**Q** 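Can you read through this structure? Questions will come right after.
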2 protein chains.
Amino acid sequence: MKKKIVRIKDIAERAQTSKGTVDRVLHNRGRVADDVRERILAIIKELNYEPNLIAQSLKSQRAFNLAALIPDPNLDSYWEAPHNGLEKAEKELRQYGVRITKFIFNSHSDTSFIAKAKEVGREHPDGLLIAPIFYKEALPFFKEWAEMGIPYVLFNTQIEHVNPLCYIGQDSYRSGSLAAKILRFGLHSPGTVLVAHVNEDISNSAHLITKEEGFRDFFKSEQLEDTFKVISNEINFPDEEGPDKQLDELRKQYPDLSAIYVTNSKAFEVAAYLEKNALKDIKLIGYDLIGRNQQYLNKGIIDFLINQNPLGQGYWGIHQLANHLIFKKEIPAIKFLPLDIITKENLDYYLDPQ
Amino acid sequence: MKKKIVRIKDIAERAQTSKGTVDRVLHNRGRVADDVRERILAIIKELNYEPNLIAQSLKSQRAFNLAALIPDPNLDSYWEAPHNGLEKAEKELRQYGVRITKFIFNSHSDTSFIAKAKEVGREHPDGLLIAPIFYKEALPFFKEWAEMGIPYVLFNTQIEHVNPLCYIGQDSYRSGSLAAKILRFGLHSPGTVLVAHVNEDISNSAHLITKEEGFRDFFKSEQLEDTFKVISNEINFPDEEGPDKQLDELRKQYPDLSAIYVTNSKAFEVAAYLEKNALKDIKLIGYDLIGRNQQYLNKGIIDFLINQNPLGQGYWGIHQLANHLIFKKEIPAIKFLPLDIITKENLDYYLDPQ
DNA sequence: TTTAAAAAAGTGTTCGAGCACGCATTAAAA
DNA sequence: TTTTAATGCGTGCTCGAACACTTTTTTAAA
C-alpha cells in the first residue's frame, strides 16, 4: 500500500500529452485546448497530485523580500521577543529565498511610526508584518499597501476592517476572562478587584478595553458582582516616579482591594509597589515574560503571568506570509495564539521555545 | 549587504578543483589528497558553506521508514492525540521520504506490548518512536534495538539509562510542583490535600511517583506542611464501579479534604464523584484534555487541567527522528514540553494547535 | 490554394547536491 | 618491465518543477 508520488510527468503520460502542457494547466498560463485542459484537470484530481515543494522551490529561487514594521526593543523590552521570532523564521525560510528588512519605529512616537511606514511603501516588499500600535495613524497606510498589492499581516494589536491577510495574536476578550478566572480562584473573601491600565494611551489601544470587558464579563456571568467589586483605572506616571501616588489613593478609597489585573506588560511597576509596601495579600496578575516581570514572578509577588507569546507572534507572522506567498496555502483570517498561563513553576518552558 | 549563497561549485572554483572532490571532502568519502582536503576545508569554513537542504533532499529521495510503538487509542482516548501528532508530522515530512508504520498495542496487556515490540525488530525500521509504558518489559528491547542500530525516541514516559536518542515529554517533578502551586493558590483555610493515582499500576509507572514528589516538595519548600496535610492514595476500581467507595472512605477519614490532585488523565472519574455528591468546595486538578475531562472542566468541577500536549509529543518525536536521520542535526537528549495550564477559558487554543 | 498569424503542444535547460562512473597518475606486485 | 591495484580527481546524469524556446497544428486572411 505504498503511495507512489505523482509527478507532472506521470500526469502528462496518462493524459497523452507533454509535461509542458500540464505545467500550463497547473499555472493557468493558458494556451491549452479546453478538452485537454479538462482531461488533465481530471487526472490531477484522480491521482491526487501534489506538487513537490522541494523541487519547486529549488527551481524558482525567487527572492521574497518581507518587511517588518515593529517597535524598537531598546525602548520597551517587550518587543525583543517578536524580533527573535522574526529572526528564527527568517533562518528557517532563508532556504526558500525569504529575506526580512526591519523597519523599527519608536513606540512612543507616532511621527516615527509614520516615517517608517512611508519607507516601507518605498521599498515595495513582497509582504509586510506589522504591529499596528498606532491605530489612527496606521489606517491610511493599509489602504496604500492594499493598492500596491502588498499583503500585510497584523500582530499584537487587532484592528477590524482593514482587511489584512491575517491577524496573529491573542483573543483579548478571552484573555481578560481568563485573568478573571484565575484571580477569582485565589480570592476567598469579598473585596475589590482593580483593572489597571498602566502607562498606556487607552484611546489608541482598543485591545486593552476588550481585555477589561472580558474580565468584567467573567464576574458578571458567574454572578459574582455582589461579592467582588470590579473597578478600573488608568495609571500613568513618568518613568522615575512609579505608580505609588495613584495606588495609595486607590487603596485609601477601596481598603478591601484584594487583586489587581494589569492589562499590559507593566505588572512589574505594580509589583514593585506591592513589595515596597509589603502588601502580600493583594493578588497580582499581568502579561508577558519580560525580565522585570519574571523577577517578581519568582519572588511570588506576581502570582501569574499570561504569556502573549510575542516570539510566536513574530515567528508565525512571517510564516503566514511565507505560506501565502511561497506555498500558496490558504491562510485563516485570524490565528489566535494560546493563552499561556505562567507561574514560577513552568516559566522555563516558555522562555526559549523549541 | 546581500549574503550570496555558497554552492559546492563556488568552493570548487576557489579551491581550483572540481565539485566531485569537494563533495568527497564534505561527505568524508576519502580518496582526496591531504593538501587538497585541507584547502577545501579551509574554504568551506571561510565562506561559511551551508548545504542547500532543498537540493539535497530533492536528490537523495531516500525512503525513511519509521516505526511508532504506541497504545491503542480505542482503549484509552488519551492516545488519540499522539496518533494525530504522528500523522501531522508524517504529512509534513512525506516530502522528505518519511513513512511511518504504527505498531499498536493494548495498553492493558504487557504480552501485546511484547508481541508488537518483536514485530518492530523484524521490520528493521530506520527509526523508532515509542511510548514505553511497560517499563520492565521494554528494557530488553532497548538493548536489541541499540544493537540493530535503530535509533529510538521515547515519549510520554521517561526511562533512565536506556540511552535513547531523545526523550520527549514533561518534566514530571515540575509538573507536580505546578499542580501544587495552583491548588495552593485556591486554598484558603487549612485542610487535607489528596494525591490520587487512579487506576494505574504504580509499580510500573515511575513518573507518577515523580509527580507526587514534586507536589509534596512544593508544600515543603513553601513551609506549608503545618497548614496542609498531603496524603496520597492509589484508587483502583473496575470500570463499572467508579471510585465512590474509596473516596467515601477517605472523606470519612479526612473530613477537611479540600483538594485533589489526580496524577493521570482520569480526573473525570473523581469529578463524577464530586458532582454526584455536590462537593463544590473540593478543588480538583488533573491532566489531559480528553473528552470527559473537558466536560467537567467546562462544568467547573475540574478547576484546572495540565496539558501534557500528547499531540505535540507524537509530533515532535517524529520530528526529532527526522532531524537526526535526514537533517543530521544534533538532538538534545531531553526535550521537555511546556506545562500548559488549561481552564475553561483557554481550552480551545490547546485542542487543535496550529 | 497559399500564406501568415495564432494557438496548442513539445523540448530542453536550469536550480544544487549526490553519486556512479571513468580517466589519469602513481605505487605495488608479478 | 609489464600487469594490476590503489589512489586522486573530474564529468555527467539525476531528482521534479519552472519556464523559455521551438515545433507542430489549427484557424483565418489573402
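If you're wondering where the values come from, they're calculated on a predicted model, not measured in any experiment. A, B, ... follow the sequence lines: proteins, then strands. Residue 1 opens every chain. Keep in mind that the numbers below use all heavy atoms, side chains included, and drop hydrogens, waters and symmetry copies.
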**Q** May I ask you to verify whether the side chain of B/Lys19 and the base of C/dG18 hold a donor-acceptor pair under 3.5 Å?
**A** yes
**Q** Assert yes or no for the condition that the ring centre distance of B/Tyr96 to B/Phe64 is strictly below 6.0 Å.
**A** no
**Q** Side chain of B/Val36 only, heavy atoms from C-beta on: which candidate in C/dG18, C/dG10, D/dC9 is closest?
**A** D/dC9
**Q** Within the structure, does a side-chain N or O atom of A/Arg29 lie under 4.0 Å from either OP1 or OP2 of D/dC19?
**A** yes
**Q** Any base atoms under 4.0 Å from B/Arg31, or only sugar-phosphate, or nothing? Heavy atoms, all strands.
**A** base
**Q** Distance check needed: D/dC19 P versus A/Leu26 CG, whole Å only.
**A** 12 Å
**Q** Side chain of A/Lys59, heavy atoms from C-beta onward: which of D/dG10, D/dG16, C/dG16 has the nearest atom to it?
**A** D/dG16
**Q** Would you call B/Glu119 and B/Lys116 a salt bridge, using N to O less than 4.0 angstrom?
**A** yes
**Q** Taking any heavy-atom pair under 4.0 Å as a contact, classify A/Ser60: base, sugar-phosphate, or nothing.
**A** nothing
**Q** To the nearest angstrom, how far is A/Arg7 atom CZ from D/dA17 atom C1'?
**A** 12 Å
**Q** Is there a side-chain polar atom (N or O) of B/Tyr96 under 4.0 Å from OP1 or OP2 of D/dC15?
**A** no
**Q** Atom CZ of B/Arg39 and atom C1' of D/dG8: how far apart are they, to the nearest Å?
**A** 13 Å
**Q** Relative to the ring of B/Tyr315, is the ring of B/His319 parallel (under 30°), tilted (30 to 60°) or perpendicular (over 60°)?
**A** tilted
**Q** Under 4.0 Å between a side-chain N/O of A/His27 and OP1 or OP2 of D/dA18, yes or no?
**A** yes
**Q** Assign B/Ser57 to base, sugar-phosphate, or nothing according to its heavy-atom contacts below 4.0 angstrom with the strands shown.
**A** nothing
**Q** Distance criterion of 3.5 Å, no angle test: do you see the side chain of B/Arg24 paired donor-to-acceptor with the base of C/dG18?
**A** no
**Q** Looking for any heavy atom pair under 4.0 Å, which part of the strands does A/Asn52 touch: base, sugar-phosphate only, or nothing?
**A** sugar-phosphate
**Q** Does the D/dG8 base have a donor-acceptor partner in the side chain of B/Arg37 within less than 3.5 Å?
**A** no
**Q** Heavy atoms only, 4.0 Å cut-off, all strands: where does A/Leu58 land among base, sugar-phosphate and nothing?
**A** base
